[in-house]
Amino acid sequence: MMYTRQRILATLESPMASFDATVVSDSNYLTFNRQKQLVRIEGKKTQKYDTEKLQNIAESFGIDQTTSEILNDITPSQFIAVAITRLFIKAFSRGDGMGLMSGVGRYNMLLGRMIAASFQSESILDYWNALCKSMLTGVQQSKFDADFLKIAGAAANPSAVMDAIRTQPEIVLTIARHWAQNTKSDEGLFAQERKLDFAPEPESADGMRIAEVPAYSGNALRHVTVRRPGYLNAMNYLGIPSGLPQDNESGILPAVEALFANGGNLEKKDNGSNQFHDGTIIKNNYPILNLLGGCTNNWDLGESKLKPSIHLICRENRNILDESLLELDNASISAFDMLDGITQTRTAHKGVGQMIYNFETLAKGSQFVINFTIHHDVNNEKLTNLTLGSFYDALQSWAENPSLGGKASEGFGQCNMQWVNPAANVYDLSQAYRDYMTSNKDDLAAWLRDGTLGTGKKVIS
Amino acid sequence: MTPLTIRCYTANPVAWQEPIMIDGLIGYAHAKANNITPEKIRPLDLPIERLDTVDDLPVYACTALEPINGVEDREQFQKMNRFGVFSKSKRGFKPNQSAGRYQGRSIPIRTILAEYWEARLIGNRTLIENYLTDYITHLGARRGTGLGEILRFEVDEDSFSIEDLITRDGKLQRPIPVVLGYETIDYPYFQGFTPPYWHGEFYADCFPIYGEVK
């Protein structure tokens, strides 16, 4: 193998927060980051529906002409999916709504939570429970109880209902919303004279479905575990003093600091004729840059040797976890059951008082498997060892007080880390890196100050 | 040389900007195995059947990795801008963190999540299996953030002709230099057709991949 793989098992000792940057929400509820994931679903034997019960649901809810025509084209399981969604809208989307079922983004919120709840549930009862819990609605008014029980009792194929919600959530929600809104004043419009004629129920098959599963990004992991501690350690070994910019006359160039702190940005794209040669010199001089990459003024240092990944150990991720991890208890728990909600307050501006806001966290006890893959430099054992040394040096610093995710200063994301396959020579490698940095600190620090990085010409300014 | 179907299973989405040619991946592994560094790039002699040769550059008999049952998504990365701790002062210099070089950024990344990725080629099974297993751990762009993490490759013998690797359902399965024919309804692009695909000196006018053949 031309790479080293380091595996770590991290167990949360306090709730973890990692907010979803793609969700632009005007609500005061911040959701945990999610990533699309393929989840294997096992097919179940199809049971026959009692069409009398379905008809009874339709009649008691009342259906307008348009909805009734659409309902004739769907399967009984899809009908149950639509009916339970319609009931949820009727029960909780009233006036200002309840829980997360309020505001302009409530249907988008509902859509995501419907899919999540369908992966958690194997029956209509489970589904209702999961959906109410994740939408923070509490329990419905008693006048909706009979309708709910009617739907739950009619669902002969709950797994097919969950599949309808997972695979066609937009269609289910659209029909349900139309049905809910068009029977507000027309209850009983659809009467006994029209009988629903459903499409045949297909056999349920094994297959992959897509779920948006809570996930921590590899980009954030890299920053927290390697880049930040590696950058601070490097500056420490080179004797570069920290301080406010205006006080720090012996500091390095801002663009050089950016190279270590976040990879930097190109000023203008210009592939210099010697970029590969110069890049190799820079990476030999500063092994942490070989590990993480970055860019000078005009060109990129090339492929970073480190490839991090992190996976939540949960039921939804079973098809990507190793067999050894499948034995862990967490591997049979749904990721959505690991989510919790936290409410905090902060002082708003004068005279307004306190502002309440909520956010999702992963519960204490949730586990992640972290894989760091470090590619070797072919025919350059010295650089490979120094690069591995810079990696282990940074990781050891992070491991002194390991945390993942945001709000670490408030105690969130504290974790216990366990080395699954520690390399035999971790301490030798990291010590060799420290020795290299400290014994060459004068040259290495001077090149950071003049922007040459050891190439003999100014490459960053 | 044997007709082979290669399936690649990934643990997470792949940052996808353009089709990932399988000979590009095998070329990467071949270069690593033979210590061919970017400073001394030369045409690569891969264990893959050649369709033809254009200006002494090989056109290999292979397709791109295609996402099977794929769905498009977006990742949002934050480029944090927390520095200024170790920086030297400059009279009047204050990094502008709202625009330009020192701006913190939220970067959208287009990704594809697929059940698996599939490519076909005619080549040496043993060598190709070894190359893929020993050197290729991630697919696509942004590998440094863990996207495109490969769980495993499956390489199976198949039965197809070399012509099947050029067109399928009337569409090109790889970029083909204009001089080789296979004119498509799309205009030719000036692009790479042999690994390393990014190397500008190997570019030529090509009919693009997935272009409809006239």
Side-chain angles (χ1 to χ4, degrees), chain A residues 1-3 5 20-22 35-38 208 210 215 217-223 235 240-258 260-267 276-277 280 292-293 302-304 306-311 320 371 373 375 378-379 449, chain B residues 9-13 29 31-41 69 71-90 93-95 100-109 111 113-115 133-135 137-138 142-149 151 200:
Chain A
M1 291 292 173
M2 296 308 295
Y3 50 85
R5 191 159 274 173
D20 189 347
T22 61
Q35 189 178 60
K36 279 197 170 73
Q37 177 66 50
L38 287 160
M208 304 299 271
I210 291 162
S217 101
N219 189 42
L221 173 78
R222 179 178 64 166
H223 184 85
M235 296 300 121
I240 294 168
S242 62
L244 294 172
Q246 61 269 31
D247 302 328
N248 195 353
E249 287 300 335
S250 56
I252 57 177
L253 297 169
V256 175
E257 189 177 14
F260 283 86
N262 63 16
N265 285 312
L266 291 172
E267 272 281 82
F276 294 120
H277 177 257
T280 307
L292 295 168
E303 187 182 14
S304 50
L306 175 70
K307 330 275 184 204
S309 74
I310 180 164
H311 302 293
I320 60 171
N371 287 318
T373 306
H375 283 237
V378 180
N379 282 357
R449 292 189 180 104
Chain B
Y9 292 81
T10 61
N12 52 15
K32 292 273 182 194
N34 295 282
N35 196 26
I36 301 169
T37 59
E39 293 100 319
K40 42 183 178 181
I41 292 170
N69 296 334
V71 57
E72 211 169 299
D73 196 13
R74 190 183 68 168
E75 291 281 313
Q76 198 81 17
F77 285 170
Q78 307 298 311
K79 195 174 180 77
M80 302 305 287
N81 201 8
R82 288 185 191 142
F83 64 95
V85 178
F86 300 100
S87 303
K88 180 160 64 176
S89 71
K90 249 186 195 175
F93 177 80
K94 187 182 174 194
R101 187 179 188 177
Y102 299 106
Q103 178 189 19
R105 287 173 164 80
S106 182
I107 305 166
I109 313 286
T111 60
L113 176 68
E115 194 170 339
T133 318
D134 288 350
Y135 293 93
T137 60
H138 291 70
R142 298 276 172 181
R143 301 182 296 279
T145 61
L147 288 178
E149 182 190 5
L151 289 173

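To find a chain, count down the sequence lines: A is the first, B the second, and so on, and within it residues start at 1.
Taking each heavy atom of A/Val378 and B/Asn35 in turn, the nearest pair found is O-OD1, 3.8 Å. Nearest heavy atoms, B/Gly144 versus A/Pro308: O-CD, 3.0 Å. Here the closest heavy-atom approach between residue A/His375 and residue B/Tyr135 is recorded as CE1-O, 3.4 Å. Taking each heavy atom of B/Thr133 and A/Tyr3 in turn, the nearest pair found is O-OH, 3.5 Å.
Heavy atoms of B/Glu149 lying under 4.5 Å from chain A belong exclusively to its side chain. Of the two parts of A/Leu38, the backbone and the side chain both hold a non-hydrogen atom closer than 4.5 Å to a non-hydrogen atom of chain B. Looking at B/Ala29, there are no atoms closer than 4.5 Å to chain A (heavy atoms on both sides), in backbone or side chain.
Between the CG atom in B/Leu147 and the NZ atom in A/Lys307 there is a gap of 11.5 Å [rounded to 0.5 Å]. Taking CG of B/Leu113 as the start and NZ of A/Lys36 as the end, the distance is 8.5 Å to the nearest 0.5 Å.
Under the salt bridge (charged side-chain N to carboxylate O under 4.0 Å, His left out) criterion, B/Lys32 pairs with no residue, sequence neighbours left out. Take B/Arg143 and apply the salt bridge (charged side-chain N to carboxylate O under 4.0 Å, His left out) test, not counting sequence neighbours, and it matches A/Glu303.
For the pair B/Arg142/A/Asn219, no side-chain contact is recorded, criterion being any heavy-atom separation below 4.5 Å from C-beta on.
When each of A/Met235, A/Arg5, A/His277 is checked for heavy-atom pairs under 4.5 Å with chain B, A/Met235 comes out on top.
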